[in-house]
Enquirer: 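This is the structure, below, for whatever I ask next.
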Amino acid sequence: MKTDAFQEFTDEIRKAISEVLVDLKVEADIVLDRPPEGKGDMAFPCFPLSKKLRKAPDAIAKDIAAKIKPLGMIEKVDSSGGYVNFHVRFEKLADSTIKDALTKKDKYGSGEPKNTRVLLEHTSVNPTGPIHVGRARNPLIGDTLARILRLAGYTVTTEFYVNDVGRQVVVMAWGVKHLELETKPERDKDDYRYVLFYQQANKLLEEKPEVVKEIDEMLYKLEHGDRETVTLAKETCETVLKALMESLHRINISLDGFTFESRFVQDGSVDRVIEKLKTSEFAREEDGAFHLELESFGISGRETKWVFTRSDGTSLYTTRDLAYHMNKFTRTDVAINVLGEDQKLGMQELAAALSIMGVDKKPEIVYYAFVSLPEGRMSTRKGRVVNLDDLVDETVELAYEEVNKRRPDLSEERKREIARVVGIGALRYNIVRIQPEKQIVFKWEDALNFEGSSAPFVQYAHARACSILAKAGTWNREFDAHHLTSDQEKRLTKLIAGFPSIIADCADHRRPHVLATYAQDLAAEFNQFYRYIPVLKAEGPARDARLALVEASRWTLRNTLDCLGVEAPEEM
RNA sequence: GGGCGCGUGGCCUAGUCAGGAUAUGGCACUUGCCUCCUAAGCAAGUGGUCAAGGGUUCGAAUCCCUUCGCGCCCGCCA
């Protein structure tokens, strides 16, 4: 299927090569490569054919190159060093790419509607305190992925799974009900207030056995649907949740829905899951508690048991998660979860339990490594955290200083708005640009970098494009791509042509960081074009063609930023 | 003890799934460029045993094995 003009080019190459291979009476996979600068646009390495044809790779390449007639998107075929090199018919590529971008605008890059529902669970932090930067990697990856999948053509619903039945919530709810705060919260915000209740209650829990008893009783009541307790726990959670959403909203993240864990206890689905698991051949009982023996599912370590009920018959987190995932698959075709790498074993076990329950689908997991500080792992208990709200404040404030320095001409309101957009953009980009599985050591100097590989770099390129377009006046949109002749124009056009493929690739592989790399490349290429190719001072059809390229660049930059959750300012 | 992941110039990082031509960018450092569409920019320079060793291959940062270092996990917690 053709996703973009470059795809059309490679399809034609594949067809041409396969015809030649039939002619040469050899079979081989057609693997294409990107050749280095100056050697064409696509290459076919002939080394694997060498043995079969008993000929030198370079001779084969020459032979194949000679047999392929330039046609359609293929302008020229030559060979060097054992490769067949294909040169794209640039005017054709440019014409269809730029027209595509100018027509589709904010939809440029989109894929065909997929008719596949995706339920993307992300964030799902325990609502017991403010979001810190370590945890923020989850919503950032999740939200970016959701945006990419949507552009790629999927129907995406994002969801936050709220833990409102666990011990932590009970401890916090108990604190809210029984305690007065001893210290002032860091911020006048409920997540900062409630975490203090939580911490004070935990402290009492260590000191006073009677509190332990009260908490245990509350937990039991909660599990057994005691109305007052259930309501208290849920209200407590919702209060904190609301505050957490405010923090996420500041970095352009919102979720489509929430699913409360308590629901699966109340509607009986957890009980049904437990009853069914008990009848499984993998189920074992020990002192009244039940577990699955998962050794045959490849679970290894000290423990291969997966406990699904306590001795008192109550459920565990994992059991409820199983009920949740069964529920998910009644609502979606594909379930994707964004999770910390500490959840890996748990998810492996969950997958095994799902198949024992007769569910043939499994959630796809995007794992990420933790963000730590130079001093070590973030820990609320040790007071070693960077809260998301503080990071937002800092980056926006620093961005304001920069705007103030560079654009004293702007109004205060305008400066503040640009600072917000730039600061938030820098923050998001800085986290999401890194492969999820790599650890990040959080450093303020990196987070506050507005140059080079950063969102502001990309935003700046966008603002430059907007500035040109704003000054251009009217121009002939029936441009002629033959007037795009420089290396800068050609490289930029080819990058834009590849955007739909990049989106499809990021979506299919669930890899948002690849888009961040693309954004950097595109902005760099645009900046070179900007530096060397005058647009407004050009005349006639050359001016029109360049303006068309600028507008195509503008949409591509904007759409790239939009997928990254970064706003694209028209001036900065 | 076992499992999973990571290791690319002083620092950060792309490429690893689908092995191919001189390994991608950024930060920092040195040096140029604003009478020219916004210098949050552009250009040039210094800097690499792709953790180490072995193997497969015409060809390995990429695949396989071993070792080392770092992270995460192995609870009737969530």
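Per chain, numbering begins at 1; letters A, B, ... match sequence-line order. Atoms considered below: every heavy atom in the structure, side chains included; atoms not considered: hydrogens, waters and symmetry mates.
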Enquirer: Would you indicate, yes or no, if B/rA39 has its OP1 or OP2 atom less than 4.0 angstrom from a side-chain nitrogen or oxygen of A/Arg464?
Expert: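 Result: yes.
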Enquirer: Which part of the nucleic acid, if any, lies within contact of A/Asp58, taking any heavy atom under 4.0 Å across all strands shown: a base, the sugar-phosphate backbone alone, or nothing?
Expert: nothing
Enquirer: Between A/Leu547 and A/Phe479, does the side chain to side chain contact (heavy atoms under 4.5 Å, CB included) criterion hold? Intermediate values first, please.
Expert: CA-CA 9 Å; A/Leu547 277 165; A/Phe479 65 95; over 6 Å; no
Enquirer: For B/rA21, does either OP1 or OP2 sit under 4.0 Å from a side-chain N or O belonging to A/Arg34?
Expert: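 No.
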Enquirer: Quick check on B/rG15: is either OP1 or OP2 less than 4.0 Å from any side-chain nitrogen or oxygen of A/His513?
Expert: yes
Enquirer: Let's see if you can work this out: which of B/rC37, B/rG26, B/rA18 has an atom nearest to the side-chain heavy atoms of A/Ser453?
Expert: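 Ranking B/rC37, B/rG26, B/rA18 by closest atom to the A/Ser453 side chain puts B/rG26 first.
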Enquirer: Let me know the distance between OH of A/Tyr429 and P of B/rG25, rounded to the nearest Å.
Expert: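 Interatomic distance, OH of A/Tyr429 to P of B/rG25: 14 Å.
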Enquirer: Measure from the side-chain heavy atoms of A/Gln168 and tell me the nearest of B/rA78, B/rG3, B/rU57.
Expert: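 Within the option list, the nearest is B/rA78.
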Enquirer: What is the nucleic acid contact for A/Val403, judged by heavy atoms within less than 4.0 Å: base, sugar-phosphate only, or nothing?
Expert: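 The answer is base, as A/Val403 lies within the cut-off (heavy atoms under 4.0 Å) of a base atom.
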Enquirer: May I have the step-by-step check of side chain to side chain contact (heavy atoms under 4.5 Å, CB included) for A/Leu410 and A/Glu571, ending in yes or no?
Expert: CA-CA 10 Å; A/Leu410 295 175; A/Glu571 64 173 348; 3.7 Å; yes
Enquirer: Counting side-chain heavy atoms from CB outward, which of B/rC76, B/rU16, B/rA40 is closest to A/Asp287?
Expert: B/rC76
Enquirer: Give the rounded distance in Å between these two atoms: CD1 of A/Ile431 and P of B/rC12.
Expert: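 It works out to 15 Å between those atoms.
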Enquirer: Do A/Gln528 and A/Arg491 have a side chain donor and acceptor closer than 3.5 Å?
Expert: yes
Enquirer: Atom CZ of A/Arg167 and atom P of B/rC77: how far apart are they, to the nearest Å?
Expert: 8 Å
Enquirer: A/Ala461 near the nucleic acid: base, sugar-phosphate alone, or nothing, with a heavy-atom cut-off under 4.0 Å?
Expert: nothing
Enquirer: Is there a Watson-Crick or G-U wobble partner for B/rA78 with both distances under 3.5 Å, and if so, which one is it?
Expert: none
Enquirer: Using the ring of each side chain (for Trp, its six-membered ring), is A/Phe526 parallel, tilted or perpendicular to A/Phe529, with breaks at 30° and 60°?
Expert: tilted
Enquirer: Compare side-chain N and O positions of A/Arg406 against OP1 and OP2 of B/rA40 and report whether any pair is under 4.0 Å apart.
Expert: yes
Enquirer: Nearest heavy atom decides the nucleotide; on that basis, is A/Ile533 or A/Phe47 closer to the 5' end of RNA chain B?
Expert: A/Phe47
Enquirer: Measure up the A/Tyr161 and A/Tyr324 rings against each other and bin them: parallel (under 30°), tilted (30 to 60°), perpendicular (over 60°).
Expert: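 Rings of A/Tyr161 and A/Tyr324: parallel, as their planes differ by under 30°.
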Enquirer: Looking only at heavy atoms, what is the nearest atom pair of A/Leu522 and A/Thr560, with distance?
Expert: CD2-OG1, 4.3 Å
Enquirer: At less than 3.5 Å, do the side-chain atoms of A/Asn85 and the base atoms of B/rA21 form a donor-acceptor pair?
Expert: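 A donor-acceptor contact between them is present.
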Enquirer: With a 4.0 Å cutoff (strictly under), does any side-chain N or O of A/Gln528 reach OP1 or OP2 of B/rA43?
Expert: yes
Enquirer: Can a donor-acceptor pair under 3.5 Å be found between the side-chain atoms of A/Arg302 and the base atoms of B/rC74?
Expert: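 When only heavy-atom distances are counted, A/Arg302 does reach the base of B/rC74 through a donor-acceptor pair under 3.5 Å.
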Enquirer: Considering only side-chain heavy atoms of A/Glu303, which listed nucleotide, B/rG15, B/rC74, B/rC36, is closest?
Expert: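 The listed nucleotide nearest to A/Glu303's side chain is B/rC74.
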Enquirer: Check every atom of B/rU38, B/rC58, B/rA40 against the side chain of A/Ala463 and return the nucleotide holding the closest atom.
Expert: B/rU38
Enquirer: Taking all heavy atoms of A/Arg310 and all of A/Ser315, pick out the closest pair and write down the distance.
Expert: NH1-O, 3.2 Å
Enquirer: Mind checking if A/Gly166 touches a base, just sugar-phosphate, or nothing, with heavy atoms under 4.0 Å?
Expert: sugar-phosphate
Enquirer: Consider the side chain of A/Ser300, meaning its heavy atoms from C-beta on, and name the nucleotide among B/rG3, B/rU57, B/rA14 that approaches it most closely.
Expert: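 Selected nucleotide: B/rG3.
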Enquirer: Using Watson-Crick or G-U wobble geometry with both distances under 3.5 Å, which nucleotide pairs with B/rG45?
Expert: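 Looking at the geometry, B/rG45 pairs with B/rC29.
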Enquirer: In the structure shown, which nucleotide is the Watson-Crick or G-U wobble counterpart of B/rU62, with both distances under 3.5 Å?
Expert: none
Enquirer: Contact class for A/Lys39 vs. all strands (heavy atom < 4.0 Å): base, sugar-phosphate, or nothing?
Expert: base
Enquirer: I need the residues from residues 433-443 of chain A with at least one non-hydrogen atom less than 4.0 Å from RNA chain B; give them sorted by number, or say none.
Expert: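 Residues of residues 433-443 of chain A that come under 4.0 Å of RNA chain B are, in numerical order, A/Arg433, A/Ile434, A/Gln435, A/Glu437, A/Lys438, A/Gln439.
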Enquirer: Give the minimum heavy-atom separation between A/Thr144 and A/Pro512, together with the two atoms involved.
Expert: CG2-CB, 3.7 Å
Enquirer: At a heavy-atom distance below 4.0 Å, what parts of residues 308-319 of chain A sit against RNA chain B?
Expert: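 Of all residues in residues 308-319 of chain A, the ones placing a heavy atom under 4.0 Å from RNA chain B are A/Arg310, A/Ser311, A/Leu316, A/Tyr317.
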Enquirer: Now, which nucleotide makes the Watson-Crick or G-U wobble pair with B/rA21, with each of the two distances under 3.5 Å?
Expert: none
Enquirer: Which part of the nucleic acid, if any, lies within reach of A/Thr304 when heavy atoms closer than 4.0 Å are counted: base, sugar-phosphate only, or nothing?
Expert: nothing
Enquirer: Answer with base, sugar-phosphate or nothing: what part of the nucleic acid does A/Asp446 contact at a heavy-atom distance below 4.0 Å?
Expert: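 No contact at all - A/Asp446 keeps every heavy atom at 4.0 Å or more from the nucleic acid.
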Enquirer: A/Tyr460 OH to B/rC34 C1': how many Å, rounded?
Expert: 10 Å
Enquirer: A/Val307 near the nucleic acid: base, sugar-phosphate alone, or nothing, with a heavy-atom cut-off under 4.0 Å?
Expert: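 Sugar-phosphate contact only - A/Val307 comes under 4.0 Å of backbone atoms but never of a base.
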Enquirer: Tell me whether the OP1 or OP2 atom of B/rA78 has a side-chain N or O from A/Arg320 closer than 4.0 Å.
Expert: yes
Enquirer: Taking the side chain of A/Lys51 as heavy atoms from C-beta outward, which of B/rC58, B/rU38, B/rA40 is closest to it?
Expert: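 Output: B/rC58.
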Enquirer: Testing the basics here: between A/Cys237 and A/Asn163, what is the closest heavy-atom pair and its distance to 0.1 Å?
Expert: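 In this case the closest contact between A/Cys237 and A/Asn163 is SG-O, 3.8 Å.
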Enquirer: Looking at the angle O4'-C1'-N9-C4 for a purine or O4'-C1'-N1-C2 for a pyrimidine, is B/rC34 syn or anti, with syn meaning within 90° of 0?
Expert: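 Syn, which is what one calls it when the glycosidic angle falls within 90° of 0.
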Enquirer: Regarding A/Gln459, tell me which of base, sugar-phosphate or nothing describes its non-hydrogen contacts under 4.0 Å with the strands shown.
Expert: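 Here A/Gln459 touches no strand at all.
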Enquirer: For a quick check under 3.5 Å, do A/Gln520 and A/Thr517 share a side-chain donor-acceptor pair by atom type?
Expert: no
Enquirer: Answer with yes or no whether the side chains of A/Thr128 and A/Asn126 bring together a donor and an acceptor at under 3.5 Å.
Expert: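 Short answer, no.
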Enquirer: Tell me the interatomic distance from A/Phe457, atom CZ, to B/rC42, atom C1', rounded to whole angstroms.
Expert: 10 Å
Enquirer: Using Watson-Crick or G-U wobble geometry with both distances under 3.5 Å, which nucleotide pairs with B/rC4?
Expert: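 The base-pairing partner of B/rC4, which may sit in any strand shown, is B/rG71.
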Enquirer: Between B/rA40, B/rG71, B/rU22, which one does the side chain of A/Pro36 approach most closely?
Expert: B/rU22
Enquirer: Check the distance between B/rU38's C1' and A/Lys415's NZ and give it to me in whole angstrom.
Expert: 16 Å
Enquirer: Will you find, in the side chains of A/Gln168 and A/Tyr198, an N or O donor that is under 3.5 Å from an N or O acceptor?
Expert: yes
Enquirer: Which nucleotide, if any, forms a Watson-Crick or G-U wobble pair with B/rU57, using both distances under 3.5 Å?
Expert: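 Base-paired to nothing in any strand shown.
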Enquirer: Can you check whether A/Met378 reaches A/Ser372 side chain to side chain, under 4.5 Å on heavy atoms?
Expert: no
Enquirer: Touch check for A/Glu571, heavy atoms < 4.0 angstrom, all strands: base, sugar-phosphate only, or nothing?
Expert: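 Answer is base: heavy atoms of A/Glu571 come under 4.0 Å of a base.
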Enquirer: Within this structure, what is the NE2-to-P distance between A/His462 and B/rU38, rounded to whole angstrom?
Expert: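 Rounded to the whole Å, the gap is 14 Å.
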Enquirer: Mind calculating the distance between CG (A/Leu339) and P (B/rG71) to the nearest angstrom?
Expert: 22 Å
Enquirer: With a 4.0 Å limit, can you tell me whether A/Ser467 has a side-chain N or O closer than that to the phosphate oxygens OP1/OP2 of B/rU38?
Expert: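 Indeed, a polar side-chain atom of A/Ser467 lies that close.
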Enquirer: Could A/Arg420 and A/Glu567 be called an ion pair, given the rule that one side-chain N must be under 4.0 Å from one carboxylate O?
Expert: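 Yes, charged N to carboxylate O under 4.0 Å.
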Enquirer: When both hydrogen-bonding distances must be under 3.5 Å and the geometry is Watson-Crick or G-U wobble, what is B/rU38 paired with, if anything?
Expert: none
